[in-house]
Amino acid sequence: MSMFSTGILVLTSPLHTLPLRIAPVLSSAAQVVERTLYVHLHPGLNLGTGGGQPRPVFIPPVVDLSSLITGLYSNAANVCGHLDVRVLLTNVRAQPNNASSPETGGTGVACNPFPSPQSLSHSPEVVLTDFALQDPGQSPLVAQCLQRYTGRCYVCTPGLASVLLHPQLQKLEEEVEKEGQKDDWDSSSERMETYSEVVVGGTFDRLHGAHKTLLNISCLLANKRFLIGVCDQELLKKKVLKELIEPYALRVQRLREFLQDVKPSLQYEIVPLSDPFGPSVIDAQLQCIVVSEETRRGGEAVNKKRLENGLPGLVLHEIQLLKDAHHTEMEEEKISSSSLRSRLLGTLLTDPKDKSHLPLVPYVIGLTGGSGSGKSSIARQLETLGAVSINSDQLGHETYRPGEVAYNRVLEEFGSGADLINEDKTINRRALGRKVFGNKERLKALTDIVWPEIALLVKERIQQAREEGKQVCVVDAAVLLEAGWTDIVHEVWVTVIPEEEAVSRIMARDGVSQEDAVRRLQSQWPNTQQVEQANVVLCTLWEPEITQKQVRKAWDLLQKRIQQSREGAEPPS
């Protein structure tokens, strides 16, 4: 079966049977769609009638629908985690009180929720449905009916394909029949209370199923305005692997795209949060805040502040946390951005730049990171896996030996007094460090002398490894990025740990004060700046076994990339 980048799934089963169908339906859809899957809800839609063409209608926001959305995103995370699933709510709205109003055409049934087809961020190339065929001979008619129905609702790619998922779902039909059919909307379904203006807050990093559940249910609750506070700057400092959090602008862009697809009729306001409350404690128009069991206390704190500000409290609407079926021992049980960030460790975050000027053998990794980040221990682990380790710090010592080019130039630049020369004629590096510390011009004068000489020694070691037939070299270099050595490596790998942990490690390792350890870190590139240049990121914050798994994963993925690059470089036979 052909694969499509974007699809739209029209769910027609009665609301009470959909929970049984969600997992197999999504699993089947994932065999057809590979990137974005929109979900359109129309329980009770009959695509098999030979009469008039079925039309979209408004459906009411009921509690069961909220539960269905939660289950849908939960199942999507389990069975098709690679898909960007989005539940569309344009046709979900409370029914007007006046059944004979012009809005309903005097029939008691709301008019078409799609006066014109809605444009989506990604145009659907295929439409799928769970509609159950009574007779296989219906297939052409149902497919045609489905395409026309979808075209009334959404702007689709010309030549929209259709796929009926019923063959994969036939086993469910007997279960549904045993339960008995109900109307598309059970009159006993509890209606959701809706509000003019709703607010939520969060980091919204790497938009996942739990975020989407929160946003979708908030859209269900909101009739007019939806205010979203997005954590920025100060609120990110304590986050796990904060260096891997997407930039604020990118998170907002993805939020806005998702929300515009889900319910374009709402007024969306997205604001940065520099404190836990933001506008939620001063906006008099807000009526409801959506929270989870985990964030309920935060919602209660918002209401306390509002009362102090003379404003009425907000309704707290609590949603379920989504369980992560794939979590590891070091990860949270719930679906969370921190778990997703931890899974990025050791993977290729950005494609390597073109390094066609470098030979493919050996493949050279530039390994860098701040002081105390554990890069040397990672270099040793890579060495045990088969890499040749080149320690630039050790090579730096060689450049200070009497008779070397750098040795003579350093003495010319900084003097040859007894305070700088040891008894054995070697340079006292500690004394030299004191001369340049805190003086950017003097430090640059030193690095302009030493760094090029170290780079030459690194290149010599790489050439030596090439002559010995070695396949991979790891250049362990704290100054890899500052020195501009990225042109001699194929990939940049960066190790990160939180600053507090780095300070503790430096103090324990070097016997220096906390103040000196902090100064040392502040003289280096910050983690965030290094990660911006990284192809792969690793973190040694946790137990050694966890670091070993990261390194092993990074090594195995590297071997695949090396194999692919060499196959691509081979001339066709």
Side-chain angles (χ1 to χ4, degrees), residues 352-371 373 375-376 379 387-417 420-422 424-468 470 472-495 520 522-526 529-530 532-535:
K353 294 179 180 178
D354 178 25
K355 297 296 175 68
S356 53
H357 64 282
L358 296 178
L360 284 174
V361 182
Y363 198 86
V364 184
I365 301 300
L367 178 64
T368 191
S371 185
S373 64
K375 65 183 180 306
S376 295
V388 173
S389 180
I390 300 172
N391 190 311
S392 66
D393 191 49
Q394 292 176 0
L395 296 180
H397 285 284
E398 293 185 21
T399 64
Y400 287 102
R401 290 175 180 170
E404 297 293 339
V405 173
Y407 177 88
N408 297 323
R409 290 188 59 195
V410 166
L411 296 186
E412 290 172 9
E413 181 70 32
F414 295 94
S416 54
L420 199 60
I421 303 293
N422 294 317
D424 61 358
K425 302 300 182 183
T426 59
I427 292 174
N428 185 328
R429 295 182 67 186
R430 186 166 300 220
L432 181 60
R434 286 195 293 268
K435 284 181 177 287
V436 302
F437 185 79
N439 187 324
K440 290 184 178 179
E441 288 185 6
R442 299 304 284 155
L443 178 60
K444 186 175 187 306
L446 176 62
T447 57
D448 283 350
I449 293 169
V450 176
W451 284 353
E453 297 303 313
I454 298 175
L456 289 174
L457 293 176
V458 169
K459 291 176 182 178
E460 287 178 10
R461 298 298 191 278
I462 293 173
Q463 178 60 31
Q464 182 181 337
R466 182 176 299 116
E467 292 169 357
E468 294 173 358
K470 304 298 184 182
V472 178
C473 283
V474 175
V475 178
D476 176 359
V479 298
L480 180 84
L481 300 175
E482 295 97 317
W485 295 345
T486 55
D487 63 336
I488 63 174
V489 301
H490 293 90
E491 295 182 16
V492 174
W493 291 17
V494 172
T495 60
R520 186 180 303 179
Q522 290 176 342
S523 70
Q524 302 171 351
W525 277 23
Q529 189 177 1
Q530 295 199 51
E532 288 174 356
Q533 306 290 322
N535 301 113

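Computed from a predicted model, the values in this text were never measured in an experiment. Nothing fancy with the numbering, it's 1 onward along the sequence.
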Engineer: Considering residues at least two apart in sequence or located in another chain, which fulfil the side chain to side chain contact (heavy atoms under 4.5 Å, CB included) criterion with Leu481?
Structural biologist: Thr368, Thr486, Val492, Trp525, Gln530, Gln533

Engineer: Residues two or more places apart in sequence or in another chain: which of them pass salt bridge (charged side-chain N to carboxylate O under 4.0 Å, His left out) with Arg409?
Structural biologist: none

Engineer: Looking at Pro359, is its backbone amide N or carbonyl O close enough to the side chain of His490 to form a donor-acceptor pair, meaning the two atoms are under 3.5 Å apart?
Structural biologist: yes

Engineer: Using a 4.5 Å cut-off on heavy atoms from C-beta on, say whether the side chain of Leu411 contacts that of Ile427.
Structural biologist: yes

Engineer: For a 4.5 angstrom cut-off between non-hydrogen side-chain atoms, does Tyr407 reach Lys425?
Structural biologist: yes

Engineer: Can you find a heavy atom in the side chain of Val450 that is under 4.5 Å from one in the side chain of Tyr400?
Structural biologist: yes

Engineer: Looking at every non-hydrogen atom in both residues, tell me the closest pair between Pro362 and Cys473 and how far apart they are.
Structural biologist: CG-SG, 3.7 Å

Engineer: Could you go step by step and tell me if Trp485 and Val479 meet the side-chain contact (heavy atoms from CB on, under 4.5 Å) rule?
Structural biologist: CA-CA 8 Å; Trp485 295 345; Val479 298; 3.9 Å; yes

Engineer: Could you work out, with side-chain hydrogen bond (donor to acceptor under 3.5 Å, both in side chains) as the rule, every residue matching Arg429, not counting sequence neighbours?
Structural biologist: His397

Engineer: Kindly give the heavy-atom pair with the smallest separation between Ala534 and Val494, and that separation in Å.
Structural biologist: CB-CG2, 3.6 Å

Engineer: Taking the side chain as every heavy atom from C-beta outward, state whether Tyr363 and Leu358 have any atom pair closer than 4.5 Å.
Structural biologist: no

Engineer: Could you tell me if the side chain of Val410 sits less than 4.5 Å from the side chain of Leu432, heavy atoms only?
Structural biologist: yes

Engineer: If we count only N and O atoms by modelled type, under 3.5 Å, do the side chains of Ser376 and Asp476 hold a donor and an acceptor together?
Structural biologist: yes

Engineer: Give me each pair satisfying salt bridge (Lys or Arg N to Asp or Glu O under 4.0 Å) with a member in residues 433-457, each pair once, sequence neighbours excluded.
Structural biologist: Glu413-Arg442, Asp419-Lys435, Lys444-Asp448

Engineer: Kindly write out the residues that satisfy side chain to side chain contact (heavy atoms under 4.5 Å, CB included) with Asp424, not counting sequence neighbours, or none if the list is empty.
Structural biologist: Asn422, Thr426

Engineer: So do Lys375 and Trp493 actually touch side chain to side chain, heavy atoms under 4.5 Å?
Structural biologist: no

Engineer: The criterion is side chain to side chain contact (heavy atoms under 4.5 Å, CB included); which residues satisfy it with Glu460, sequence neighbours excluded?
Structural biologist: Leu457

Engineer: Rounded to the nearest 0.5 Å, what separates atom OG1 in Thr399 from atom CD in Glu404?
Structural biologist: 7.5 Å

Engineer: How long is the gap from CD1 on Ile390 to CG on Leu367, to the nearest 0.5 Å?
Structural biologist: 12.0 Å

Engineer: Run the salt-bridge test on Arg461 and Glu467 with the 4.0 Å N-O cut-off and return the result as yes or no.
Structural biologist: no

Engineer: Hey, does Val364 have a side-chain heavy atom less than 4.5 Å from the side chain of Ile462?
Structural biologist: yes

Engineer: Is there side-chain contact between Val458 and Leu395, with at least one heavy-atom pair below 4.5 Å?
Structural biologist: yes

Engineer: Look at the side chain of Lys355 and the backbone N and O of Val489, then say whether any donor-acceptor pair between them is shorter than 3.5 Å.
Structural biologist: yes

Engineer: Closest heavy-atom contact between Ile449 and Pro452?
Structural biologist: O-CD, 3.7 Å

